[in-house]
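What follows is a single structure, written as structure tokens, with notes after it.
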Amino acid sequence: MAKVVHAACPLNCWDSCGFKVTIEDGRVTKVEGDDEHPITKGKICGRGRMLEKRINSGERILHPLKKINGEFQQISWEQALDEIAIKLTEYKEQYGTTSVLHSHDYANGGLLINLDQRFFNCYGGVTEVTGSICWGSGIEAQSWDFGDAYSHAPGDLMNSKSIVVWGRNVARTNMHLYEELKKAQKSGAKLYVIDPIYNATAKIADQYISIKPGFDGFLAAGIIKEIVRLELEDREFIHNYSLGFEDLLSTLEKVSLTEISQFTEIPEETITQLARIYAERPVATMFGLGMQRYANGGNTIRLIDALVAVSGNVGIPGGGANFANRQVGQSFQIDTLTLSERKTASRSFTMMKQAEGILTAKDPEIKMAFVTCGNPLTQLPDTNKARTAFSSLETLVVMDQFMTDTAELADYILPVTSAFETEDVYYASMYHHFVNHGPKLVEPRGEAKTDEEIWRGLANRLGFGEDFAYTREEWLNLGLSSLKDYGITIEHLRENKFAELPVDKIPWQNRKFKTPSKKYEFTSGLGKEAGFTGEITLKMPAESTWSNQSLAEKYPYSLLSIHPLRSNHSQHFHVLGTVPEVKVEVSEDIANEKGLENGDIVKVWNNRGNIHGKISILKMAHPKTINIDEGMWRRFGGSVNQLTSDRESDNKLGSTVFDCLVNIEKV
Ligand SMILES: Nc1nc2c(c(=O)[nH]1)N[C@H]1C(S)=C(S)[C@@H](COP(=O)(O)OP(=O)(O)OC[C@H]3O[C@@H](n4cnc5c(=O)[nH]c(N)nc54)[C@H](O)[C@@H]3O)O[C@H]1N2
Ligand SMILES: Nc1nc2c(c(=O)[nH]1)N[C@H]1C(S)=C(S)[C@@H](COP(=O)(O)OP(=O)(O)OC[C@H]3O[C@@H](n4cnc5c(=O)[nH]c(N)nc54)[C@H](O)[C@@H]3O)O[C@H]1N2
Ligand code: SF4
Ligand SMILES: [Mo]
């Protein structure tokens with residue numbers, strides 16, 4: 001007998017959807033949207049629906065595996081956990097706990113995934129990864145400007161006169177915002193899209209502004225200059241609630257509108273027009289992650305923030321510098337789960353530099369790594385370096401569901417549960433303010449265990465088992481304890497499926513910022529504390545004609561590597577049902593220059609690596625632009641990250657994966 005029950009999407013995504021899942025004979029057979037979810041309203045994407053394929057896939061790893069003489073062999077959980085615990089003890093005694101690296105990303109948005117930190121803290125503190133390939137530059141930039149990175153609630157777009165989608169591929173990555181954009185347009189809002197690619201969101205825009213990759217900071221600077229020249233700035237906000245505006249003005253004097261037009265490849269008239277649009281409040285700016293994955297990414301976001309502030313669009317209904325929703329994650333009692341006070345040693349590498357860190361760390365060297373919720377061999381920049389680094393480890397433990405590029409290198413693979421095989425609550429700090437309940441719907445397949453059970457098994461062997469002697473319900477209550485006064489408990493969530501978190505729907509409305517001065521900081525105190533000048537600088541991307549001419553002569557084209565339509569990063573290609581292949585999308589001028597037609601096989605390369613793929617010509621893309629979607633396993637043609645750089649962004653906490661020059665030829 002089939003039954004339909006509620007669940008939640010665990011994937012790392014803007015939307016954090018509510019699900020309806022069909023179960024037949026103890027098996028998940030269908031995943032659909034829950035029409036009662038207030039934000040996601042019954043609509044979900046293919047990645048969500050394909051979670052049924054992921055859970056039932058014949059390729060699922062169902063037993064612990066150990067590599068013996070180059071071949072994986074099935075072993076028992078007892079043996080796997082005993083041997084790993086012995087290694088952890090030996091490395092701790094011989095070299096100290098920071099000889100172990102915890103490499104992870106955020107593939108599962110469940111609250112209890114945070115227990116990984118509890119385990120490593122109780123062990124004594126390992127080498128951790130900081131910053132983020134995803135949104136690190138922007139989070140740091142907004143923390144300097146506002147004190148944190150907070151967005152308006154989705155429905156607030158109905159108050160906007162104009163909406164600027166800046167470097168966000170909404171139709172592909174954030175489908176419920178796409179619906180909201182269309183609704184807002186119907187009620188009179190104008191939509192502007194700024195992107196080097198004429199994507200599906202650009203197609204519905206009232207105006208599409210095509211920009212040279214990496215030059216958005218200059219565009220924002222140009223718009224501010226024009227706002228000031230036309231005397232359209234919000235003097236009241238600048239005077240009463242901000243700090244450092246004069247510094248910003250003197251920075252802007254260093255560049256003329258004509259130069260800005262040259263760099264951005266956007267006509268001066270368009271920049272002036274955007275100044276008038278920004279001054280006609282309210283304007284909602286919907287930041288994507290695109291323009292911050294460059295060497296100048298932090299300054300780029302700071303300049304766009306500055307534009308939002310100067311034009312008076314901070315803290316007003318229908319406005320906002322909408323980049324991230326950190327208030328969501330901050331609503332939970334994460335500290336109680338992670339026990340950070342328990343670690344006695346610490347060391348960190350940035351996520352971008354973890355391969356470099358493995359290869360060069362001394363006192364102690366990295367001997368062992370745990371990979372959880374991530375596939376670094378596909379997703380890290382400069383994957384050739386990552387391969388060398390992860391191959392050089394004495395012991396690599398990968399906790400995953402599938403034989404990813406990273407799992408292939410492991411000494412031990414520990415099979416983890418998939419969505420619907422355990423209870424958790426799910427939240428994404430990206431788009432909306434709801435937390436969703438995900439019940440356990442079916443038994444784990446094979447011998448798969450939750451990450452939490454694995455930590456408990458190891459903790460028991462390492463002598464701190466009492467720190468893990470909690471049931472799932474007890475853990476969830478601990479993590480939700482900060483929300484108890486608002487009536488949000490696990491019992492409430494089980495019954496009601498989701499709950500709206502008690503966070504500001506219009507952040508900074510009271511104009512009290514979380515910066516050291518409590519003002520909006522054009523010149524940042526936190527930036528100074530972090531060892532920078534704190535001032536906004538006009539920086540170019542690292543790899544462009546303007547910043548590195550000799551490199552641009554060898555490698556004339558900008559390579560983007562945006563998120564795939566049908567897969568969440570590397571997670572769905574193997575369950576699509578068709579064999580995926582690498583698609584090389586090129587702007588029309590490149591096709592003309594190189595005589596390329598759709599379907600041609602090409603090689604794309606630079607000094608870091610090369611990749612082969614099939615040409616697809618991109619209509620109306622910015623000249624000299626190429627895109628290869630990220631996320632492809634080796635077995636399907638390989639990751640575009642063979643070409644990207646592991647350089648950190650200007651504020652050190654973000655990646656520069658889109659800041660990448662390449663050449664291309666037909667093979
Ligand atoms: N289908 C799908 N959806 C996803 C994901 C997925 O893997 N697949 N991943 C999820 C995750 S983890 C994240 S972080 C989000 C990311 O969500 P987005 O930020 O929407 O996605 P990205 O693919 O990073 O694309 C960024 C956009 O920026 C543009 N861009 C690139 N360089 C520049 C530039 O210099 N200037 C400007 N103005 N634009 C630029 C690209 O052309 C692209 O349209 O998506 C989430 N949703
Ligand atoms: N060139 C380029 N590179 C990029 C990006 C880009 O735009 N361009 N985008 C970056 C961004 S935004 C992000 S967020 C990262 C994503 O990078 P990753 O998170 O490393 O990418 P995924 O492919 O989602 O891999 C996640 C892995 O975690 C596993 N997993 C899923 N659930 C669980 C669980 O509950 N427990 C455990 N232990 N494992 C689980 C999955 O099976 C999968 O193999 O990639 C970054 N890399
Ligand atoms: S991947 Fe994103 S849009 Fe798709 S179902 Fe999950 S949360 Fe919703
Ligand atoms: Mo991401």
Side-chain angles (χ1 to χ4, degrees), residues 8-19 31 33 40 43-49 51 54 104-110 113 116 132-135 165-170 172-176 193-197 199 201-202 209 211-216 219 287-294 300 351 371-381 398-402 404 406-407 414 416-419 422 424 426 428 430 450-451 454 541 558-572 621-622 625 627-631 639-641 643-644 655 657-660:
C9 188
L11 294 171
N12 183 2
C13 175
W14 295 98
D15 295 64
S16 201
C17 292
F19 281 166
V31 180
T40 63
K43 289 203 171 171
I44 61 164
C45 77
R47 294 166 287 147
R49 277 191 294 274
L51 288 172
R54 272 185 65 93
H104 67 91
D105 210 292
Y106 295 95
N108 178 333
I113 284 297
D116 54 359
S132 162
I133 305 165
C134 173
W135 62 359
V165 170
W166 202 320
R168 192 186 307 190
N169 196 1
V170 179
R172 179 183 290 198
T173 64
N174 187 187
M175 61 181 290
H176 299 92
V193 168
I194 305 173
D195 204 294
I197 297 183
N199 55 30
T201 317
I209 295 121
I211 188 165
K212 182 76 183 161
F215 283 91
D216 302 78
L219 173 59
F287 294 62
L289 283 57
M291 62 284 187
Q292 46 104 57
R293 296 199 189 109
Y294 291 83
T300 296
M351 273 203 186
V371 175
T372 65
C373 290
N375 179 14
L377 263 284
T378 309
Q379 297 306 120
L380 285 191
V398 175
M399 290 161 54
D400 208 312
Q401 299 142 352
F402 289 94
T404 63
T406 311
L414 305 181
V416 295
T417 47
S418 162
T422 186
D424 211 331
Y426 296 93
M430 294 179 78
T450 62
D451 291 61
I454 296 172
S558 296
L559 174 71
L560 308 182
S561 45
I562 67 172
H563 295 197
L565 174 65
R566 300 187 62 207
S567 180
N568 221 52
H569 310 295
S570 69
Q571 295 195 48
H572 293 81
H622 202 83
T625 306
N627 174 58
I628 301 174
D629 286 353
E630 50 105 333
S639 169
V640 64
N641 280 317
L643 290 98
T644 59
S655 71
V657 286
F658 292 176
D659 196 338
C660 179

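For ligands, and for the atoms within them, numbers begin at 1 and follow the listed sequence.
Not a single N or O atom of E630, backbone or side chain, sits closer than 3.5 Å to an N or O atom of ligand 1. In terms of polar-atom proximity, defined here as any N/O pair under 3.5 Å, P213 makes no such contact with ligand 1. At least one N or O atom of H569 sits closer than 3.5 Å to an N or O atom of ligand 1. Residue W14 has at least one nitrogen or oxygen atom sitting less than 3.5 Å from a nitrogen or oxygen atom of ligand 1, judged on distance alone. By the 3.5 Å distance cut-off applied to N or O atoms, G288 is not counted among the residues near ligand 1. Residue T173 has at least one nitrogen or oxygen atom sitting less than 3.5 Å from a nitrogen or oxygen atom of ligand 1, judged on distance alone. Residue contacts with ligand 1: P564 is placed with a nitrogen or oxygen under 3.5 Å of a nitrogen or oxygen of the ligand (distance criterion only). Between I194 and ligand 1, a contact under 3.5 Å exists for at least one N or O pair.
Protein heavy atom in closest approach to atom 8 (N) of ligand 2: S561 O, 2.8 Å. Nearest non-hydrogen protein atom to atom 44 (O) of ligand 1 is D195 OD2, 2.7 Å. For atom 39 (N) of ligand 1, the nearest non-hydrogen atom of the protein is P196 CD, 3.2 Å. Looking only at protein heavy atoms, the nearest one to atom 3 (N) of ligand 2 is N641 ND2, 3.1 Å. Counting protein heavy atoms only, atom 24 (O) of ligand 2 is closest to Q571 NE2, 2.8 Å. Atom 23 (O) of ligand 2 has its closest protein heavy atom at S570 OG, 2.4 Å. Given atom 30 (N) of ligand 2, the protein heavy atom at minimum distance is A107 CB, 4.0 Å. The single protein non-hydrogen atom nearest to atom 10 (C) of ligand 2 is I133 CG2, 3.9 Å, given as residue, atom name and distance. The single protein non-hydrogen atom nearest to atom 32 (N) of ligand 1 is Y294 OH, 2.8 Å, given as residue, atom name and distance. What sits closest to atom 21 (O) of ligand 2 on the protein, heavy atoms only, is Q379 CG, 3.2 Å. Atom 43 (C) of ligand 2 has as its closest protein heavy atom D400 OD2, 3.5 Å.
Proximity to R293 (heavy-atom distance under 4.0 Å) selects the following atoms of ligand 2: 7 (O), 12 (S). Each of the following atoms of ligand 2 lies closer than 4.0 Å to a heavy atom of T404: 44 (O). Each of the following atoms of ligand 2 lies closer than 4.0 Å to a heavy atom of M399: 37 (C), 38 (N), 39 (N). Near R172, meaning under 4.0 Å from any of its heavy atoms, are these atoms of ligand 1: 1 (N), 2 (C), 3 (N). Each of the following atoms of ligand 1 lies closer than 4.0 Å to a heavy atom of C134: 14 (S). Under a 4.0 Å criterion applied to the non-hydrogen atoms of N12, ligand 2 contributes the atoms 14 (S). Here is the list of ligand 1 atoms found below 4.0 Å of a heavy atom in G214: 34 (C), 35 (O). The atoms of ligand 1 that sit less than 4.0 Å from any heavy atom of G167 are 19 (O), 26 (C), 27 (C), 28 (O), 37 (C), 38 (N), 39 (N). Interface of W166 with ligand 1, defined as ligand atoms under 4.0 Å from a residue heavy atom, comprises 38 (N). For ligand 1 and D216, the ligand atoms under 4.0 Å from any heavy atom of the residue are 34 (C), 35 (O), 36 (N), 37 (C), 38 (N). Those atoms of ligand 1 that come under 4.0 Å of a heavy atom in N199, given as number and element, are 44 (O). Heavy-atom contacts of D451 reach the following atoms of ligand 2: 34 (C), 35 (O), 36 (N), 37 (C), 38 (N) (cutoff under 4.0 Å). Close contacts of ligand 1 with M430, meaning ligand atoms under 4.0 Å from a residue heavy atom, involve 13 (C), 14 (S), 15 (C).
At a 4.0 Å heavy-atom cut-off, ligand 1 touches S567 through the backbone alone. Neither the backbone nor the side chain of W135 comes within contact range of ligand 1; no heavy atom lies under 4.0 Å. Looking at R47 against ligand 1, only its side chain comes within 4.0 Å, counting heavy atoms. Under 4.0 angstrom from ligand 2, the non-hydrogen atoms of V416 all belong to its side chain. Here L565 has backbone heavy atoms under 4.0 Å from ligand 1, and that is the only part of it that gets that close. Counting heavy atoms closer than 4.0 Å to ligand 2, residue R54 contributes side-chain atoms (C-beta onward) but none from N, CA, C or O.
Checked against side-chain hydrogen bond (donor to acceptor under 3.5 Å, both in side chains), T404 has no partners two or more places apart in sequence or in another chain.
Ligand 1 does not have G631 within reach: every non-hydrogen atom of the residue lies 4.0 Å or more from it. Contact analysis puts C373 in contact with ligand 2, with a non-hydrogen atom separation below 4.0 angstrom. Not close to ligand 2: H104, with no non-hydrogen atom less than 4.0 angstrom away. The closest approach between a heavy atom of F215 and any atom of ligand 1 is not below 4.0 Å. Within the structure, ligand 2 has F658 among the residues with a heavy atom less than 4.0 angstrom away. Using a 4.0 Å cutoff on heavy atoms, W14 does not count as a contact of ligand 3.
For the pair R172 and D629, the salt-bridge criterion is met [side-chain N within less than 4.0 Å of a carboxylate O].
Looking only at atom types and distance, the side chain of N375 has a donor-acceptor partner in the side chain of S570 under 3.5 Å away.
Between V193 and T201, the closest heavy-atom pair is CG2-O, 3.9 Å. Contact between P213 and P541 at its shortest, heavy atoms only, is O-CG, 4.2 Å.
Around atom 6 (Fe) of ligand 3, the protein N, O or S atoms closer than 2.8 Å are C9 SG, listed by chain and residue number.
Two residues are said to be in side-chain contact when any heavy atoms from C-beta on lie closer than 4.5 Å; H569 and T378 fail this criterion.
Here CG of N174 is found 12.5 Å from NE2 of H563. Values are rounded to the nearest 0.5 Å. Distance check, rounded to the nearest 0.5 Å: CG of L643 to CG of N641 gives 8.5 Å. Distance check, rounded to the nearest 0.5 Å: CD1 of I211 to CD1 of I194 gives 6.5 Å.
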